[in-house]
Amino acid sequence: MSNSIKVKPEELGAVITQALKEYQQEVADDMKAACLKCAEIGASDLKVTSPYRRHKKGTKGGRYRSGWDVSVLYESNSTIRVAIHNKKKPGLVHLLEHGHAKINGGRTKALPHVAPEEEKLAGMITQEVVARFKR
């Protein structure tokens, strides 16, 4: 089947403009889908790689590890802003990632778990966008 259409010369500019707008929206939708997919993968990876504190038998543990979630901060026709955050213990992320001072002096050991995931996601989103454009 052919994808050709008959167009009068005076309508050619409008038809090309319409086709480019449709392509632009298709590309924007693909990029937004790639961002959301990578953010979901990042949140699920952080649920696995985050530090876990074991508690005594019968008490709850792992609230920090299970608290990772994805939020869409802003979305328009062409852009999207997505945040991966810890909804259960938001203030603990920085303290665990970089370490902190103890009450009686000294510092706790830093447990970097967000920075490696951030680097991995930067490469992953690039690969995902390139793969979607190759179709």
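Just so it is clear, the structure is predicted and the values come from calculations on it, not from any experiment.
S66 is listed as a side-chain neighbour of K88, based on a closest heavy-atom distance under 4.5 Å. Using a 4.5 Å heavy-atom cutoff, the side chains of K102 and T108 are in contact. Counting heavy atoms from C-beta on, the side chains of T49 and W68 never come closer than 4.5 Å.
Summarising the geometry of A28 relative to S78, their closest heavy-atom pair is CB-CA, 3.8 Å, with the distance given to 0.1 Å. In this structure, R65 and P51 approach most closely via the heavy-atom pair CB-O, 4.1 Å. Closest approach of C35 to I80, counting heavy atoms only: CB-CG2, 4.1 Å. A pairwise comparison of heavy atoms in P116 and E97 identifies CD-OE2, 4.5 Å as the closest pair.
The side-chain hydrogen bond (donor to acceptor under 3.5 Å, both in side chains) test applied to E75 returns K32, not counting sequence neighbours. Taking the side-chain hydrogen bond (donor to acceptor under 3.5 Å, both in side chains) definition, one finds that D29 meets it with Q25, sequence neighbours left out. The side-chain contact (heavy atoms from CB on, under 4.5 Å) check on P90 picks up nothing, with sequence neighbours excluded. Not counting sequence neighbours, the partners of L73 by the side-chain contact (heavy atoms from CB on, under 4.5 Å) test are R81, A83. The side-chain contact (heavy atoms from CB on, under 4.5 Å) check on T79 picks up Y74, S76, with sequence neighbours excluded. Scanning for side-chain hydrogen bond (donor to acceptor under 3.5 Å, both in side chains) contacts around K47 gives an empty result, with sequence neighbours left out. For E40, the side-chain contact (heavy atoms from CB on, under 4.5 Å) partners at least two apart in sequence or on another chain are V70. Annotation: side-chain hydrogen bond (donor to acceptor under 3.5 Å, both in side chains) contacts of N86 (sequence neighbours excluded): none. With sequence neighbours excluded, the residues that form a ring pair (Phe, Tyr, Trp, His ring centres under 6.0 Å) with H94 are H98.
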For residues 10-20, which side-chain donor-acceptor pairs fall under 3.5 Å, sequence neighbours excluded?
{"residue": "T17", "atom": "OG1", "partner": "G13", "partner atom": "O", "Å": "2.8"}
{"residue": "Q18", "atom": "NE2", "partner": "E22", "partner atom": "OE2", "Å": "3.3"}

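Within 6.0 Å of CE in M31 there are 12 or fewer heavy atoms belonging to other residues, nucleotides or ligands.
The distance from atom CD1 of I41 to atom CG of L46, rounded to the nearest 0.5 Å, is 12.0 Å.
Follow the hydrophobic side-chain contacts under 4.5 Å out from V72 and you reach I84 in the same cluster. V129 and M124 fall into different hydrophobic clusters, where Ile, Leu, Val, Met, Phe, Trp and Tyr are joined by side-chain heavy atoms under 4.5 Å apart, directly or via other members. L96 is not connected to Y52 by any chain of hydrophobic side-chain contacts under 4.5 Å among Ile, Leu, Val, Met, Phe, Trp and Tyr, and they are in different clusters. Two different hydrophobic clusters hold V82 and I125 under the rule that ILVMFWY side chains link at heavy-atom gaps under 4.5 Å.
The list of salt bridge (charged side-chain N to carboxylate O under 4.0 Å, His left out) pairs with a residue in residues 119-134, not counting sequence neighbours, reads K37-E128, D45-K120, E117-K120, E128-R132. Residue pairs meeting the ring-ring contact (aromatic ring centres under 6.0 Å, His included) criterion with at least one partner in residues 109-135, sequence neighbours excluded, are Y64-H113.
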